[in-house]
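Remarks on the structure that follows.
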Amino acid sequence: MSISLQKGQKVSLSKENAGLSKVVVGLGWDEVQRPKKLFAPKPQPIDCDASALVLRGGKLMDKADIIYFGNLRHPSGTIQHMGDNLTGAGDGDDEQIVIDLANLPADYDRIVLVVNIYQAVQRNQHFGMIQNAFIRIVDSKTNAEMCKYNLTDNYSGMTAMIFGEIYRHNGEWKFNAIGQGTNDPGLGELVNRYV
């Protein structure tokens, strides 16, 4: 059973899914079709980059705890980014991050999922130029979608987003749909929010 989430809604992942050990976080988007101008250069595709920030005590303690296209695997081996999609083309998930919740070291309490547009400022791009953006969490054992958060708000002018967070609470894993758009020009600025 999949739950469609609203901004700020929290859902327990492990309570309804006994034996949950590993999840796939899927992120997807489509580029809004822009009108072609006769003599204008072809616009560059919008490259959304998904990242996971693995926190201890609510803080980012080490660069190795940033999982993104430049660091695909967490040192613990429990979080892996499956690769960079440069255009958002294709159906389904455009980027995926696999998280082994059962084996994530206990000192990590929160995984913040963010996305930013690569070189947004230089390319003059923002989230108002994409559509059908979503984040979803899938049980990797059963391939069942557990929850999905569609970004239906207007994020025009925003260049980055804090999608949501997976966190431990009283021995179980929960997901919080945040959906906070920001004007951070890149991942480095997003990261600074958590140091």
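Numbering of residues begins at 1 and proceeds along the displayed sequence.
- Connection of Val195 to Tyr68 is established within a shared hydrophobic cluster, with ILVMFWY side chains joined at heavy-atom distances below 4.5 Å, either directly or through further cluster members.
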Trace of the side-chain contact (heavy atoms from CB on, under 4.5 Å) decision for Gln80 with Ile67: CA-CA 7 Å; Gln80 183 169 355; Ile67 311 307; over 6 Å; no
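- For the 3.5 Å distance criterion, the side chains of Asp93 and Gln96 qualify, holding a donor opposite an acceptor.
- A salt bridge is defined here as a Lys NZ or Arg NE, NH1 or NH2 lying under 4.0 Å from an Asp or Glu carboxylate O, and Asp184 with Arg193 meets this definition.
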Test side-chain contact (heavy atoms from CB on, under 4.5 Å) applied to Ile137 and Leu13, step by step: CA-CA 9 Å; Ile137 299 179; Leu13 298 177; 4.2 Å; yes
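- At a threshold of 4.0 Å, the pair Arg56-Asp65 counts as salt-bridged, since one of the basic side-chain nitrogens sits closer than that to a carboxylate oxygen.
- Between Leu113 and Ser51, every side-chain heavy-atom pair lies at or beyond the 4.5 Å cut-off.
- Once rounded to the nearest 0.5 Å, the distance linking CD1 of Ile111 with NE2 of His74 reads 8.5 Å.
- Under the 4.5 Å side-chain criterion, counting only non-hydrogen atoms from C-beta, Thr78 is not in contact with Ile99.
- One distance of note links CG of Asp94 with SG of Cys48; it measures 8.5 Å at 0.5 Å rounding.
- Residues Leu20 and Met146 are in side-chain contact: their nearest non-hydrogen atoms beyond the backbone lie under 4.5 Å apart.
- The shortest non-hydrogen separation linking Arg168 to Tyr108 is NE-O, 2.9 Å.
- Of all heavy-atom pairs spanning Val11 and Cys147, the tightest one is CG1-SG, 4.1 Å.
- Between Thr182 and Leu190 there is a side-chain heavy-atom pair separated by less than 4.5 Å.
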Full working for side-chain contact (heavy atoms from CB on, under 4.5 Å) between His126 and Met158: CA-CA 5 Å; His126 56 83; Met158 301 294 177; 5.8 Å; no
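- For Glu172 (side chain) and His169 (main-chain N/O), no donor-acceptor pair under 3.5 Å exists by modelled atom type.
- Rounded to the nearest 0.5 angstrom, Phe175 CZ and Ile166 CD1 are separated by 6.5 Å.
- Looking only at atom types and distance, the side chain of Gln131 has no donor-acceptor partner in the side chain of Asp30 under 3.5 Å away.
- At a threshold of 4.5 Å between non-hydrogen side-chain atoms, the residues Ile79 and Leu104 count as touching.
- Across every non-hydrogen atom of Phe127 and Met161, the tightest pair is CE1-N, 3.8 Å.
- In this structure a side-chain-to-backbone donor-acceptor pair under 3.5 Å is missing from Asn176 to Ile178.
- Side chain of Glu95 to backbone of Leu27: no donor-acceptor contact under 3.5 angstrom is found.
- Here Ser12 contributes atom OG and Asn170 contributes atom CG; the two are 10.5 Å apart, rounded to the nearest 0.5 Å.
- Note: Leu53 CG to Ile162 CD1 = 8.5 Å, rounded to the nearest 0.5 Å.
- Residues Phe163 and Gln180 have side chains not in contact (no heavy-atom distance under 4.5 Å, counting atoms from C-beta outward).
- Cluster membership for Val114 and Leu60, using ILVMFWY side-chain heavy atoms within less than 4.5 angstrom, is shared.
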Step-by-step side-chain contact (heavy atoms from CB on, under 4.5 Å) determination, Val23 to Leu101: CA-CA 7 Å; Val23 296; Leu101 297 171; 4.0 Å; yes
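- Taking both residues in full, the closest heavy atoms of Lys22 and Val98 are given as CD-CG1, 3.7 Å, listed atom of the first, atom of the second, then distance.
- Taking every heavy atom of both residues into account, Asn183 and Gly157 meet most closely at OD1-O, 2.9 Å.
- Closest approach of Ala64 and Asn71 over heavy atoms only: O-ND2, 3.3 Å.
- Each of Ile135 and Tyr167 belongs to its own hydrophobic cluster when Ile, Leu, Val, Met, Phe, Trp and Tyr are linked at side-chain heavy-atom distances under 4.5 angstrom.
- Under the 4.5 Å side-chain criterion, counting only non-hydrogen atoms from C-beta, Asp49 is not in contact with Val115.
- Considering CZ of Arg73 and NE2 of His81, their distance stands at 14.0 Å, rounded to 0.5 Å.
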